[in-house]
Amino acid sequence: MEMNLSALTDDELVRLFRRGNEQAFEMLVLRYKNSLYQYIRAMVKDEGIAGDLFQEVFLAFFKHKDSYRAEGKFKSWLFLTARNKVFNFVRDHKANVSLDQTDEDGNWVFQETLPDGNKPLLEHLTVQESAQRIEQAAEKLSPRQREVIYLRPYFSFKEIAQMVDRPLGTVLADCHRGVQKMQQILATQGDCL
Amino acid sequence: MKCEQVVLYANDELSPSEKTQFEAHLKGCASCRQELALLRRMDETLSLQAAPQAVVDRLFSQTTRISHWYTGWKMWLAGALACSIFAMVLVPSVQQARMRQGVLAYLQENIETDYQNFANDLALFEQEF
């Protein structure tokens, strides 16, 4: 009997996959590939590295599905695993991205490497151009602001606070200030939304 | 705090009464309206950005390779298990059968010899007595 995998919950797909149904694994990948890739790419700012870390996250689940113990929280598990992999990557590649900076809570912070120069004024932005400008502006945020901004479409602020282990108020302030900073950056570049 | 609520409003995480209050605030706050517009545009942008197909294809080719390797390993294990069972069960039973045949053959041979010896002894005994 043909099963409609897209209608199943994450937990149901995980159970099926653990019983040997690899199509259930593929469905989980298709469900989260875009959001997870965007998050990793935003954090490491490099497509090649993002692709490698993306694979590592899903391969970790594929290889160790029997030791997976996050029933009811697959999405959170996926993003937390990605967060750890990003953190480990940054720690192991200090030459490219420094961990010297820590915030007031002692959390890890990437060193900012901001490109110089203003972008030319674009009076009429297409969706793709707008996406590019937003991405470039987001790259100039602090890692914790960027992280919250990229997690926001997929998690509630309460869930984000749990994931990043910071108070809800701090997470809300990070997001608010991050968006304000992006507004300033876009305004400086003359990119009106 | 009001302006910070814009991110909660964008995520639809305000209670109905907070939402009404914030919408009233929004009418008079250009900064919040701009921030909300940017948040909405970011949501649109993110929904359009897909993971590169090459990255996904590479993942699936790796998982396929792992599955094949795992299947091969399981078949090898099954073969090894079958060989072990053969070695533990079948070989001793064959050996036992062979030993049984050997013992029977030995006994047959010896019975004949013993019978011959007994017949000789009997003949000698009859001669003497």
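In what follows, chains carry the letters A, B, and so on, assigned in the order in which the sequence lines appear, proteins first and then strands, with residues in each chain numbered from 1.
- Ion pairing of A/Arg15 with A/Glu12 is absent here, as no side-chain N (NZ or NE/NH1/NH2) approaches a carboxylate O to less than 4.0 Å.
- Of the atoms belonging to A/Tyr32, not a single heavy atom falls under 4.5 Å from chain B.
- By number of non-hydrogen pairs under 4.5 angstrom with chain B, the leading residue of A/Lys158, A/Lys33, A/Lys63, A/Arg152 is A/Arg152.
- Under the rule for a ring pair (Phe, Tyr, Trp, His ring centres under 6.0 Å), A/Phe157 has no partner lying at least two apart in sequence or in another chain.
- For the pair B/Gln49 and A/Asn34, the minimum side-chain heavy-atom distance is 4.5 Å or more.
- Between the side chains of B/Glu18 and B/Ser15, at least one donor N or O lies within less than 3.5 Å of an accepting N or O.
- The cationic group of A/Lys75 does not satisfy the cation-pi geometry with A/Tyr154, failing either the under 6.0 Å distance to the six-membered ring centre or the 45° limit from the ring axis.
- Distance alone, capped at 3.5 Å, is enough to place a donor-acceptor pair between the A/Arg31 side chain and the A/Ser6 backbone.
- For B/Glu35, the parts lying under 4.5 angstrom from a heavy atom of chain A are both the backbone and the side chain.
- For A/Glu26, the side chain to side chain donor-acceptor pair (under 3.5 Å) test picks out no residue, with sequence neighbours left out.
- Using a 4.5 Å cut-off between non-hydrogen atoms, the part of residues 57-66 of chain B that approaches chain A consists of B/Arg58, B/Leu59, B/Phe60, B/Gln62, B/Thr63, B/Ile66.
- When heavy atoms are compared at a cutoff of 4.5 Å, A/Gln38 approaches chain B solely by way of its side chain, counted from C-beta outward.
- Contacts of A/Val179 with chain B are made by both backbone and side-chain atoms, with heavy-atom separations under 4.5 Å.
- Applying the side chain to side chain contact (heavy atoms under 4.5 Å, CB included) test to B/Thr20 and every residue at least two apart in sequence or in another chain returns nothing.
- Just one of A/Phe62, A/Phe74, A/Tyr68 meets the ring pair (Phe, Tyr, Trp, His ring centres under 6.0 Å) condition when paired with A/Phe17; it is A/Phe62.
- Highest contact tally toward chain A, considering only B/Val55, B/Val56, B/Asp43, B/Leu46, is held by B/Leu46 [criterion: heavy-atom pairs under 4.5 Å].
- In this structure, no portion of B/Ala54 lies under 4.5 Å from any heavy atom of chain A.
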